[in-house]
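A short worksheet on the structure shown next.
Sequential numbering from 1 along the given sequence is applied to the chain's residues.
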Amino acid sequence: MEQAKFYGDIAEGPASGNAYWIETDDGVRVRVGTYDSEAKAKGTILLMLGRFGYVERYGRVAKTFAEKGYSTAIIDWRSQGLSDRMAPDPQAGHIVSFSDYQKDVAAFLKAAEELQLPKPYFLVGVSMGACIGFRAMLDGLPVAASAFISPMFGIKMSTIQRIAAWPLSWAFQKLGMGQKYVPGESGAIYVLETPFENNNLTHNNAMYDYWVKQAQAAPELQIGGPTMSWLHEALAECRRLSTVPSPNVPCITFCGELDQLVDNASIKRRMEKWPNAEFSMIRNAKHDVLTETPEVGGDVMIQIFDFFARADSAAKR
């Protein structure tokens, strides 16, 4: 497995951080990052991030995982981070088919096996990464338990936006213009264009500043807005997933009451019909509750670690 570029200085994760190039079945080169546990290994967290995600973005989170005994593996999805970009405009958040992400997952899992990362595996999915991870679980992803942070089971839109999004995104795809940005979006880097006071991700000023400094130091890791093709495929995948039963895997899910990106009602409906799952709506929290204020993020971490420990113990009985 070939070594890949890794920005350890801006990740601020465990000293064991590393990155590798892997190739998917359809020939796309994607990047995987790993961090070893700092305590006796309890397993490996497969960390699947959202549409802005890349290996270094959750370096501080991986450090907490490591301190609690979990190794971490993170993937740059296609069109994100240092992985191959799927559109001529490298800033475009583009995907041809949402099922292509499952090719990334298959390569990710193969890499975890080849690197002999400690088992059992646990899934932590954030936003779009939770949507991808949910599909992978339905297809048999071998995880002992999962934790979802503001999972993208639906995209938050006004009624008018939703009515327009389906036919417009479909038409752009059919006319060969799926690589165009969603109206109002561009190749601009969100954290560099949006003041902390106006951001929809977190109330944690220190965390937001950490992301800003990463974007300034390594803009090549960043992407801009989504394309019409991504929008159509994401809407279609959310609709498909809404009709399927939940996988037989323990799951704990957290949402922010003030989330402006995902549809909390869709998440509630899913969690209500997931046997033995746990769900928490966090008051006054924005989208990324895992990196919210230290009090909120710390409590979410504690609950995740406790949930994983209970799931692992139950599986060993």
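- Under the 3.5 Å distance criterion, the side-chain polar atoms of Glu257 are left unmatched by any main-chain donor or acceptor of Met281.
- At distances below 3.5 Å, at least one donor-acceptor pair connects side-chain atoms of Asp84 with backbone N or O atoms of Arg29.
- Contact check for Val126 versus Phe148: no side-chain heavy atoms found under the 4.5 Å cut-off.
- Under a hydrophobic clustering in which Ile, Leu, Val, Met, Phe, Trp and Tyr are joined whenever their side-chain heavy atoms come within less than 4.5 Å, directly or via other members, Val96 and Tyr101 fall into different clusters.
- No more than 12 heavy atoms of other residues, nucleotides or ligands lie within 6.0 Å of NZ in Lys40, so this atom counts as exposed by the packing criterion.
- Taking the ring centroids of Phe6 and Tyr20, they lie at or beyond the 6.0 Å cut-off.
- Side-chain contact between Leu123 and Met48 is present, with at least one heavy-atom pair separated by less than 4.5 Å.
- The ring-ring contact (aromatic ring centres under 6.0 Å, His included) test with Tyr70 is passed by exactly one of Phe65, Phe122, Tyr35: Phe122.
- If you take CG on Asp312 and CZ on Arg310, they are separated by 12.0 Å, rounding to the nearest 0.5 Å.
- Using a cut-off of 4.0 Å between Lys/Arg side-chain N and Asp/Glu carboxylate O, Lys180 and Asp89 are scored as not salt-bridged.
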Requested in this report: Walk me through it: do Ser246 and Arg270 pass the test side-chain hydrogen bond (donor to acceptor under 3.5 Å, both in side chains)?
Outcome: CA-CA 8 Å; Ser246 301; Arg270 165 58 58 188; 2.8 Å; yes

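- Nearest approach of Asn264 to Cys255, heavy atoms of both residues: OD1-CB, 3.6 Å.
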Report task. For the pair Ile282 and Ser280, evaluate side-chain contact (heavy atoms from CB on, under 4.5 Å) and give the outcome as yes or no after the intermediate values. Result -> CA-CA 6 Å; Ile282 301 177; Ser280 179; 4.0 Å; yes

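- Within a 6.0 Å radius of CD in Gln3, other residues, nucleotides and ligands contribute more than 12 heavy atoms.
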**Report entry** Intermediate values then yes/no, side-chain hydrogen bond (donor to acceptor under 3.5 Å, both in side chains), Gln222 and Tyr54
**Finding:** CA-CA 8 Å; Gln222 313 295 319; Tyr54 49 89; 3.3 Å; yes

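- With Lys42 contributing its side chain and Ser71 its backbone, the two residues share no donor-acceptor pair below 3.5 Å.
- Separation of atoms OH (Tyr181) and CE (Met228) is listed at 14.0 Å; rounding is to 0.5 Å.
- When every heavy atom of Glu23 is checked against every heavy atom of Gly27, the shortest pair comes out as OE2-CA, 3.6 Å.
- Atom OG in Ser229 sits 12.0 Å away from atom CZ in Phe172 (nearest 0.5 Å).
- A 4.5 Å side-chain heavy-atom check between Lys68 and Glu38 finds every atom pair outside the cut-off.
- Within the 3.5 Å criterion, the main-chain N or O of Ala19 finds no donor-acceptor partner in the side chain of Thr34.
- Within 6.0 Å of CG on Asn198 lie more than 12 heavy atoms contributed by other residues, nucleotides or ligands.
- Taking each heavy atom of Ile267 and Thr253 in turn, the nearest pair found is CG2-CG2, 3.9 Å.
- Once rounded to the nearest 0.5 Å, the distance linking CE of Met271 with OG of Ser266 reads 13.0 Å.
- Between Asp76 and Val55 the shortest heavy-atom distance is OD1-N, 2.8 Å.
- Within the 3.5 Å criterion, the main-chain N or O of Ala111 finds no donor-acceptor partner in the side chain of Glu114.
- Residues His287 and Val262 are in side-chain contact: their nearest non-hydrogen atoms beyond the backbone lie under 4.5 Å apart.
- Between the side chain of Trp230 and the backbone N or O of Ser97 there is no donor-acceptor pair closer than 3.5 Å.
- Under the 4.5 Å side-chain heavy-atom criterion for Ile, Leu, Val, Met, Phe, Trp and Tyr, Met177 and Trp170 are members of distinct hydrophobic clusters.
- Side-chain contact between Phe153 and Asp263 is absent, with no heavy-atom pair separated by less than 4.5 Å.
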**Report entry** Stepwise side-chain hydrogen bond (donor to acceptor under 3.5 Å, both in side chains) test for His232 and Ser169
**Finding:** CA-CA 5 Å; His232 182 270; Ser169 61; 4.7 Å; no

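- For Arg31 and Trp77, the positive end is not near the middle of the six-membered ring at less than 6.0 Å and at most 45° from its axis.
- Linking ILVMFWY residues whenever their side-chain heavy atoms come closer than 4.5 Å, directly or via other members, places Trp166 and Leu231 in the same cluster.
- Other residues, nucleotides and ligands contribute over 12 non-hydrogen atoms within 6.0 Å of the CG atom of Leu175.
- Counting non-hydrogen atoms of neighbouring residues, nucleotides and ligands closer than 6.0 angstrom, the NZ atom of Lys156 exceeds 12 such neighbours.
- Annotation: Asn276, atom CG; neighbour count of heavy atoms from other residues, nucleotides and ligands within 6.0 Å does not exceed 12.
- Surrounding CH2 of Trp21 are more than 12 heavy atoms belonging to other residues, nucleotides or ligands, all under 6.0 Å away.
- You'll find the ring centres of Phe196 and Trp211 outside the 6.0 Å limit.
- Transitive grouping of hydrophobic side chains (ILVMFWY, heavy atoms separated by less than 4.5 Å) brings Leu47 and Phe254 into a common cluster.
- No donor-acceptor distance shorter than 3.5 angstrom exists from the side chain of Ser79 to the backbone of Gly93, with no hydrogens or angles considered.
- When all heavy atoms are compared, the tightest approach of Leu235 to Ala165 is CD1-CB, 3.9 Å.
- Tyr7 and Glu220 are linked by a side-chain donor-acceptor pair at a separation below 3.5 angstrom, with hydrogens and angles left out of the test.
- When the side chains of ILVMFWY residues are joined at heavy-atom separations under 4.5 Å, either directly or via intervening members, Ile223 and Leu82 end up in two distinct hydrophobic clusters.
- Expressed to the nearest 0.5 Å, how far CD of Gln214 lies from CD1 of Ile189 amounts to 11.5 Å.
- Panel note: side chain Thr194, backbone Tyr190; a donor-acceptor pair is recorded below 3.5 Å.
- To the nearest 0.5 Å, the span separating CD1 on Ile149 from OG1 on Thr291 amounts to 9.0 Å.
- In this structure, the side chain of Gln102 engages the main chain of Ile132 through a donor-acceptor pair within 3.5 Å.
- Using modelled atom types, no side-chain atom of Arg135 and backbone atom of Ala130 make a donor-acceptor pair closer than 3.5 Å.
- Using a 4.5 Å cut-off on side-chain heavy atoms (C-beta onward), Leu49 and Ile74 make contact.
- Within a 6.0 Å radius of CG in Asp25, other residues, nucleotides and ligands contribute 12 heavy atoms or fewer.
- Residues Leu115 and Met1 meet the side-chain proximity criterion, which asks for heavy atoms closer than 4.5 Å.
- Side chains of Tyr58 and Asp288: a donor-acceptor N/O pair is present below 3.5 angstrom, by distance only.
- Cation-pi geometry between Arg60 and Tyr210 is satisfied (NZ or CZ under 6.0 Å from the ring centre, within 45° of the ring normal).
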Query - salt bridge (charged side-chain N to carboxylate O under 4.0 Å, His left out) between Arg240 and Glu237, intermediate numbers included - result: CA-CA 5 Å; Arg240 287 189 294 263; Glu237 179 69 346; 2.9 Å; yes

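- Counting only heavy atoms from C-beta outward, the side chains of Leu221 and Ile10 approach each other to under 4.5 Å.
- Using modelled atom types, one finds no donor on one side chain facing an acceptor on the other under 3.5 Å when comparing Asn204 with Thr202.
- When all heavy atoms of Pro275 and Lys273 are compared, the pair lying nearest together is CD-O, 3.4 Å.
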